[in-house]
Amino acid sequence: RQAPSNTKFPAKLFEMVSHHSNVITWENGRLVVRDQARLCAELMPRYFTVKTGTATFPSFARQLNYYGFSRAKTGVERYDSRRWVGGSRR
């Protein structure tokens, strides 16, 4: 299923986390990328396009930064945000 191309990044992120928790999920208030390879190969082509500029992981990470997330220094792709808690925006 292809996400609508006019949907904003936060809505697409919410959809991905809601339906693909084995790949990307919320844990203890942090966004966790459990499987970066699957995120890039399966989900990003479905939700993002080259035209939107978020079809690569670095671009996806920049979008997270733009929306207030910062990468947690844990060795796993985890992102913290004071503006987002468990999938909802404060």
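- Screening Y66, F69, F48 against F9 for a ring-ring contact (aromatic ring centres under 6.0 Å, His included) leaves a single residue, F48.
- Within the 4.5 Å cutoff, side-chain heavy atoms of H20 are placed close to those of R46.
- Among all heavy-atom pairs drawn from P45 and C40, the shortest one is CD-O, 3.2 Å.
- Distance check, rounded to the nearest 0.5 Å: CD1 of I24 to OG of S18 gives 10.5 Å.
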TODO: Output, in order, the C-alpha distance, side-chain angles, deciding distance and verdict of side chain to side chain contact (heavy atoms under 4.5 Å, CB included) for M16 and V23.
DONE: CA-CA 9 Å; M16 286 180 6; V23 178; over 6 Å; no
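- Looking at heavy atoms from C-beta onward, L13 lies out of side-chain contact with Y67 at the 4.5 angstrom threshold.
- Counting only heavy atoms from C-beta outward, the side chains of D35 and N22 never approach each other to under 4.5 Å.
- Applying the side-chain contact (heavy atoms from CB on, under 4.5 Å) rule to T25 yields the partners S21, E27, V32, R34; only residues at least two apart in sequence or on another chain are considered.
- When every heavy atom of N65 is checked against every heavy atom of S70, the shortest pair comes out as OD1-CA, 4.0 Å.
- In this structure, R62 CZ and F57 CZ are separated by 11.0 Å, a value rounded to the nearest 0.5 Å.
- The closest side-chain heavy-atom distance from R38 to L43 is not below 4.5 Å.
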